[in-house]
Amino acid sequence: VILLIILLLLFVGVGEFNMQINLVLSAAIAILIFSCIGYKIVANERITNRLFRKFGRLNGIIIDVRTALRRFTNNKKVFALTLFYSIVWWSLESLPLYLILRALSDVKVSFTITMLALLIANITKVIPITPTSIGVYELVLATTLKAYGIGWDIGLSAALIDHSIKIIYVLVVGRDR
């Protein structure tokens with residue numbers, strides 16, 4: 001039902017605003033579809049046993065993920081807290097990029113668009129092609145921002161500054177293992 005509503009919303013809107021709505025909804029649909037497919041694969045014991053039985057360690061990880069997903073989906077309080085913390089985390093993650101864009105450009109970009117652009121760029125980090133996705137992250141982020149009216153030079157500069165800050169922070173402070 002949700003997917004059908006999103007697909008119907010793709011045809012609503014006029015002009016350039018319609019392009020922005022289409023991009024946002026297309027990204028939402030892609031994320032929703034991949035999430036549903038991933039959830040179905042992990043949640044179905046028959047599928048995971050058949051796919052991963054030859055890979056013992058990977059099968060153990062899938063079983064752990066399946067157990068966590070069941071706990072997560074069965075407990076409404078945990079689900080609500082996770083959703084709340086995710087929104088707070090993504091807001092804090094997007095704030096530096098938003099401030100960098102405001103500092104570099106006169107073009108007003110909304111915080112929501114900044115969050116969406118960052119979400120799309122971070123998807124490229126799931127399977128890094130280069131170390132820390134250097135280059136790929138910047139290209140995707142600048143391209144997404146360009147779709148929302150931010151100039152290529154401003155988008156690429158903001159992406160480079162944002163990614164550099166995050167990499168330098170991890171190098172200096174380190175990360176907990």
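Only this structure's heavy atoms are used, side chains among them; waters, hydrogens and symmetry mates stay out. Nothing here was measured: the structure is a model prediction, and the numbers come from that model. Here, residue 1 is the first one in the sequence, and each next residue gets the next number.
Considering Leu97, Leu104, Leu99 in turn, Leu97 is the only one that fulfils the side chain to side chain contact (heavy atoms under 4.5 Å, CB included) rule with Leu101. Exactly one of Asn75, Asn74, Leu81 qualifies for a side chain to side chain contact (heavy atoms under 4.5 Å, CB included) with Val78. That residue is Asn75.
Take Phe111 and apply the ring pair (Phe, Tyr, Trp, His ring centres under 6.0 Å) test, not counting sequence neighbours, and it matches Tyr98.
Hydrophobic clustering places Phe84 together with Leu92 (ILVMFWY residues linked when any side-chain heavy atoms are closer than 4.5 Å, directly or through intermediates). Under a hydrophobic-cluster definition in which Ile, Leu, Val, Met, Phe, Trp and Tyr are linked whenever side-chain heavy atoms come within less than 4.5 Å, directly or via other members, Leu156 and Leu139 are assigned to the same cluster.
Every pair tested for salt bridge (Lys or Arg N to Asp or Glu O under 4.0 Å) that includes a residue from residues 106-122 fails, sequence neighbours excluded, so the list is empty.
Using a 4.5 Å heavy-atom threshold, the side chains of Ile165 and Ile100 count as touching. The closest side-chain heavy-atom distance from Thr143 to Trp152 is below 4.5 Å.
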Return all side-chain donor-acceptor pairs below 3.5 angstrom for residues 113-123, not counting sequence neighbours, or 'none' if the list is empty.
from, atom 1, to, atom 2, distance (Å)
Thr114, OG1, Ser110, O, 3.0
Asn122, ND2, Leu118, O, 3.3

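Once rounded to the nearest 0.5 Å, the distance linking NE2 of His163 with CD1 of Ile168 reads 11.0 Å. In this structure, the separation between NZ on Lys146 and CD1 on Ile154 is 12.5 Å, given to the nearest 0.5 Å. We find the CG-OH distance between Leu160 and Tyr137 to be 10.0 Å, quoted to the nearest 0.5 Å.
In terms of heavy-atom proximity, Gly155 sits nearest to Ala142 at C-CB, 3.8 Å.
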